[in-house]
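Take a look at the structure below.
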Amino acid sequence: MENYLQNSLREALAGLGLDESQMPEIRIEQPRDPSHGDAATNVAMLLAKPLKRNPRAIAEELIASLDLDVTKISGVEIAGPGFINFRYSDLYLYEELRLILNAGSDYGKSKHNHDIRCLVEFVSANPTGPLTVGHGRNAVLGDTVARLLEWTGAEVQREYYFNNAGRQMRMLGLSVQARYLEIAGADFSFPEDGYEGNYIRDIAEELFHERGSELTEQPDEKVFREKAEEVIFRDIQSTLKRMHIEMDSYFNERTLYENGSIDHVIRTFRERGVAYDKDGAVWFKTTAFGKDQDTVLVKSTGEPTYRLPDIAYHADKLDRGFNLCLDIFGADHIDTYPDVLRGLDVLGYNPKLVDVLVYQFVTLVKEGKPFKMSTRKANFVTLDELMDEVGEDVTRFFFLMRSPNTHLEFDVAQAKEAGEKNPVFYLQYAHARIQSILRKAGEISTPSGEPDLSLLTHEAEISLIKKLLTFSDVIHSAAQNREPHRLITWLNELASAFTLFYHDCRIIGVDEELMFARKTLAEATARVLANGLGILGIHAPERM
RNA sequence: GCGCCCGUAGCUCAACCGGAUAGAGCGUCUGACUUCGGAUCAGAAGGUUGAGGGUUCGAAUCCUUCCGGGCGUACCA
């Protein structure tokens with residue numbers, strides 16, 4: 001419909017003597033106020049300045065030369081400072097409504113991004129502890145944006161990037177070793193910066209159970225580190241699975257050392273004159289790109305900083321043929337990714353193929369006070385604990401309902417009493433209620449053949465249909481902006497439009513032709529609710 | 001200090017690329033069907049969009065100054 005209106009307007013403008021260069025961008029939007037029609041454009045206002053004419057006069061001429069199909073558009077009017085408002089014809093609405101049920105679980109899918117091969121990198125927590133509510137936002141955002149992209153036709157791969165070497169992992173191994181020695185009754189000293197969580201003790205106990213005290217003489221922490229990694233990764237994967245997140249691939253940072261990518265980056269940087277040695281370290285000349293300071297790529301100890309493998313990793317993704325690399329980052333990484341982009345540019349890759357979704361942090365509130373989370377200090381609430389309390393659906397919903405760009409306040413106590421207050425139930429309830437009605441209505445015989453949808457003339461029926469028809473638009477806009485909360489807002493509006501219909505229009509107990517038509521509308525609504533909840537990774541229940 | 005993000009109703013948040021009278025939920029108050037699920041619905045109260053200035057037909061949205069909060073500004077990740 002949007003395309004249709006744009007094309008018609010473009011033709012009309014051409015008819016007024018405008019050539020390509022004068023043609024403004026024709027945007028069709030949905031007016032906030034339904035009395036302004038179903039679609040509107042501001043082209044006349046955009047033309048007012050270049051043509052030096054009154055926008056309303058332009059709009060009038062434009063309308064006069066518009067040639068619109070009456071089976072689609074039933075009315076056009078000029079309003080306000082020069083908006084042109086269109087009203088859809090009922091015939092068009094009935095036709096589109098029929099398409100919803102034909103498309104079924106595919107309804108809402110589009111091909112907007114059919115040319116995109118995207119790798120979404122998210123979670124990417126190193127295996128030093130269980131996933132916490134701090135990781136939750138990342139995990140759910142990444143997965144949902146991936147789903148949104150899939151619904152707009154993109155090919156998507158979900159990847160988890162991790163590093164199982166380095167200081168933190170060593171510390172983890174030492175922590176487990178200390179607990180193991182403690183359990184075995186041997187001398188031990190807990191490392192100063194060790195991991196204090198109870199899960200460390202659990203891992204040590206598991207190890208003791210399997211191997212007895214034969215490991216007390218181990219010279220280093222290797223065995224313990226490897227065991228910890230194995231157990232923690234298993235735990236992380238089960239948490240993800242519980243959240244309906246399935247990774248397609250796991251990428252170990254070590255690969256980049258083994259296949260020479262890291263060396264290649266350094267070598268190329270030196271050749272291009274953007275890397276140099278100073279004080280025993282290798283530096284990236286980021287001042288040349290407008291940064292205050294140059295950045296260390298390889299420390300004087302010979303160990304690279306995380307930026308170097310990051311650059312190599314992104315080059316690797318592009319080498320694998322993806323034309324969109326989407327990273328899901330917390331606000332603390334906001335300053336690091338420009339270095340990656342610059343690095344890619346130096347290497348000859350197109351940095352525009354990398355896109356970063358930066359989300360603001362989750363503030364954990366405990367007993368009314370903000371609470372600083374730390375995996376090492378064991379100050380955290382795990383995602384599993386959260387799901388035990390409020391369930392998987394509420395957990396996902398919670399992380400999606402707000403714009404990634406705003407801080408998310410997470411009050412533990414409030415989440416626990418979430419129950420009825422939680423808006424996710426409003427959506428699920430609407431779906432369950434429709435299913436209940438359909439079950440009851442199914443026991444009553446309906447006329448055979450196609451329903452006569454033209455019987456749907458009530459205001460509540462019409463506005464419900466109109467709402468349904470904007471489903472794929474909202475998916476598209478949520479995908480393009482990487483903002484899943486838009487879909488939630490929209491689903492709330494849909495559920496609300498349905499409830500209005502439910503209160504005004506009975507399905508059971510009216511004339512059987514009308515019942516058939518209304519049943520069809522209810523079915524279409526349930527379909528769209530289920531599809532929408534599915535994108536959010538939330539269950540659409542038959543009963544509650 | 002510098003950089004990025006944020007500031008909207010009592011609270012938590014919306015507002016699609018600058019559009020028409022800034023909207024929801026929770027909370028508060030007043031009401032509603034003897035039939036399809038009351039986990040519902042209708043209505044009321046609640047706002048100088050942090051403050052000032054600017055840009056234009058039009059600003060919560062863009063620019064600028066200030067105030068307040070978060071994050072970063074490591075040879076940590």
Side-chain angles (χ1 to χ4, degrees), chain A residues 25 27 29-33 35-36 40-42 45-46 48-49 54-55 79-83 85 124-126 128 163 166-169 253 278-283 290-293 295-307 309-310 330-336 338 358-361 363 370 401-409 411 414 419-423 425-426 428-430 432-441 444 470 473-474 476-478 480-481 483 485-486 488-490 492-493 495-496 499-500 502-510 515 518-519 522 543-544:
Chain A
E25 187 197 356
R27 278 175 44 203
E29 48 190 39
Q30 292 156 34
R32 211 172 9 219
D33 183 347
S35 75
H36 292 135
T41 182
N42 63 348
M45 279 158 2
L46 293 177
K49 197 156 206 181
N54 180 331
F83 287 100
N85 297 335
S124 296
N126 288 336
T128 58
N163 168 12
R167 207 181 84 88
Q168 291 306 318
M169 288 301 290
E253 183 186 311
K278 194 183 88 182
D279 304 333
V282 182
W283 296 72
K291 252 188 116 178
D292 290 347
Q293 299 164 14
T295 309
V296 172
L297 290 173
V298 183
K299 301 184 227 169
S300 51
T301 60
E303 215 177 344
T305 63
Y306 66 97
R307 269 164 230 256
D310 256 10
D332 55 340
H333 282 66
I334 198 156
D335 265 0
T336 84
V358 177
Y359 60 91
Q360 298 300 314
F361 272 134
T363 317
M401 58 193 281
R402 281 155 202 169
S403 156
N405 217 355
T406 66
H407 294 274
L408 182 61
E409 198 170 284
D411 188 321
Q414 201 178 314
E420 295 180 12
K421 282 186 196 167
N422 200 298
F425 290 114
Y426 184 71
Q428 295 185 316
Y429 179 69
R433 181 190 248 173
I434 294 171
Q435 295 305 333
S436 163
I437 295 168
L438 293 176
R439 278 192 299 271
K440 280 216 168 70
I444 305 164
T470 59
D473 293 341
V474 80
H476 183 223
S477 104
Q480 295 317 102
N481 294 288
E483 290 185 340
H485 76 281
R486 293 185 192 213
I488 290 189
T489 306
W490 186 89
N492 268 308
E493 288 162 5
S496 160
T499 326
L500 226 65
Y502 168 82
H503 278 272
D504 289 353
C505 307
R506 289 196 57 85
I507 295 172
I508 295 168
V510 297
M515 173 176 96
R518 285 180 174 169
K519 213 179 103 180
R543 350 178 111 81
M544 292 171 73

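- Using atom P as the reference point in both B:rU8 and B:rA14, the two lie 10 Å apart (nearest Å).
- Rounding to whole angstrom units, CZ of residue A:R402 and P of B:rG23 are separated by 21 Å.
- Put simply, CD1 on A:I488 is 22 Å from P on B:rG23, counting in whole angstrom units.
- In this structure, A:A478 reaches neither bases nor backbone, as no heavy-atom distance under 4.0 Å exists between it and the strands shown.
- The C1' atoms of B:rC6 and B:rG50 are separated by 11 Å, rounded to the nearest whole Å.
- Using atom P as the reference point in both B:rG7 and B:rG18, the two lie 16 Å apart (nearest Å).
- Taking 4.0 angstrom as the limit, A:S436 places a side-chain polar atom (N or O) nearer than this to OP1 or OP2 of B:rG37.
- For A:N126 (side chain) and A:N163 (main-chain N/O), a donor-acceptor pair under 3.5 Å exists by modelled atom type.
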request  = Apply side-chain contact (heavy atoms from CB on, under 4.5 Å) to A:Y502 and A:I434, showing your working.
outcome  = CA-CA 9 Å; A:Y502 168 82; A:I434 294 171; over 6 Å; no
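- Residues A:P55 and A:P81 form no side-chain contact, since every pair of their non-hydrogen atoms from C-beta on lies 4.5 Å or further apart.
- Between the side chain of A:T499 and the main chain of A:A495, a donor-acceptor pair closer than 3.5 Å is present.
- Here B:rG37 is the nucleotide among B:rC13, B:rU40, B:rG37 with the atom lying nearest to any side-chain atom of A:K440.
- Side-chain to base pairing of A:N492 with B:rA14: no donor and acceptor N or O lie closer than 3.5 Å to each other.
- Ring stacking holds between A:F83 and B:rA20, with the centres under 5.5 Å apart and the planes within 30 degrees of each other.
- The closest side-chain heavy-atom distance from A:V358 to A:H333 is not below 4.5 Å.
- Across all strands shown, A:A432 has heavy atoms under 4.0 Å from base atoms, whether or not it also approaches the sugar-phosphate.
- Side-chain proximity of A:M45 to B:rG19, B:rU40, B:rA20: nearest is B:rG19.
- Legend: residues meeting salt bridge (Lys or Arg N to Asp or Glu O under 4.0 Å) with A:R486, ordered by chain and number and at least two apart, are A:E483.
- Between the CZ atom of A:F425 and the P atom of B:rC26 there is a distance of 14 Å, rounded to whole Å.
- Side-chain atoms of A:N42 do not come within 3.5 Å of backbone N or O of A:F83 as any donor-acceptor pair.
- Rounded to a whole angstrom, the distance from the P atom of B:rG72 to that of B:rG10 is 32 Å.
- Partners of A:R439 by salt bridge (Lys or Arg N to Asp or Glu O under 4.0 Å), not counting sequence neighbours: none found.
- Where stacking is scored as ring centres under 5.5 Å apart with planes under 30°, A:H485 does not register as stacked on the base of B:rA14.
- Stretches of at least 3 consecutive Watson-Crick or G-U wobble pairs, with each checked distance under 3.5 Å, appear in RNA chain B as B:1-7 with B:67-73, B:10-13 with B:23-26, B:28-32 with B:40-44, B:50-54 with B:62-66.
- Atom OH of A:Y426 and atom P of B:rA24 are 12 Å apart (whole Å).
- For A:N481, the listed nucleotide lying nearest its side chain is B:rC16; candidates were B:rU40, B:rG37, B:rC16.
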query = For A:Y429 and A:M544, what are the C-alpha separation, side-chain angles and deciding distance, and is it a side-chain contact (heavy atoms from CB on, under 4.5 Å)?
reply = CA-CA 7 Å; A:Y429 179 69; A:M544 292 171 73; 4.1 Å; yes
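- Residue A:M401 is out of contact with every strand shown, counting any heavy-atom pair closer than 4.0 Å.
- Comparing the C1' positions of B:rG47 and B:rG1 gives a spacing of 36 Å, expressed to the nearest Å.
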ask   = Just by protein heavy atoms under 4.0 Å, how would nucleotides 72-77 of chain B read 5' to 3' in B, S and -?
value = S-SBSB
task = Step by step, work out the side-chain contact (heavy atoms from CB on, under 4.5 Å) result for A:D473 and A:Q30.
result = CA-CA 11 Å; A:D473 293 341; A:Q30 292 156 34; 3.7 Å; yes
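- Nearest-nucleotide mapping onto RNA chain B: of A:D33 and A:L438, the residue sitting toward the 5' end is A:D33.
- Taking every side-chain heavy atom of A:R486 into account, B:rA15 is the closest of B:rA15, B:rG37, B:rU12.
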Protein-nucleic acid N or O pairs under 3.5 Å, nucleotides 6-11 of chain B:
unit_1: B:rC6; atom_1: OP1; unit_2: A:N405; atom_2: ND2; d: 3.0

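- As a whole-Å value, the separation of A:W490 CH2 from B:rC13 C1' is 20 Å.
- One P atom belongs to B:rA44, the other to B:rG25, and the distance between them is 13 Å to the nearest Å.
- In the model, A:D33 has a side-chain atom that pairs as donor or acceptor with a side-chain atom of A:S35 under 3.5 Å.
- Rounded to whole Å, atom P of B:rC36 lies 18 Å from atom NZ of A:K519.
- By the ring-ring contact (aromatic ring centres under 6.0 Å, His included) test, A:H476 pairs with A:H112, sequence neighbours left out.
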message = Is there a side-chain contact (heavy atoms from CB on, under 4.5 Å) between A:I437 and A:K440? Walk through the geometry before answering.
response = CA-CA 5 Å; A:I437 295 168; A:K440 280 216 168 70; 5.8 Å; no
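- Separating the CD atom of A:E493 from the P atom of B:rA24 is a distance of 9 Å, rounded to the nearest angstrom.
- Among the atoms of the strands shown, none is found under 4.0 Å from any heavy atom of A:S496.
- Residue contacts for A:N54: at a heavy-atom cut-off of 4.0 Å it reaches no nucleic acid atom on any strand shown.
- Looking at heavy-atom distances under 4.0 Å, A:L297 makes no contact with the nucleic acid at all.
- Between the side chain of A:S300 and the backbone N or O of A:A281 there is no donor-acceptor pair closer than 3.5 Å.
- Here, B:rG58 and B:rG70 have their P atoms 38 Å apart, quoted to the whole Å.
- Contact annotation: A:R433 does not reach the phosphate of B:rA39 (side-chain N/O to OP1 or OP2, under 4.0 Å).
- We find that NZ of A:K291 is positioned 10 Å from C1' of B:rG3, with the value rounded to whole Å.
- Remark: the separation of the P atoms in B:rC2 and B:rA74 is 16 Å, to the nearest Å.
- Applying the 90° cutoff around 0 to the glycosidic angle, B:rC26 is assigned anti.
- With hydrogens and angles left out, the side-chain atoms of A:T470 and A:W490 include a donor and acceptor closer than 3.5 Å.
- Contact check, A:Y359 against B:rC4: no side-chain N or O comes under 4.0 Å of OP1 or OP2.
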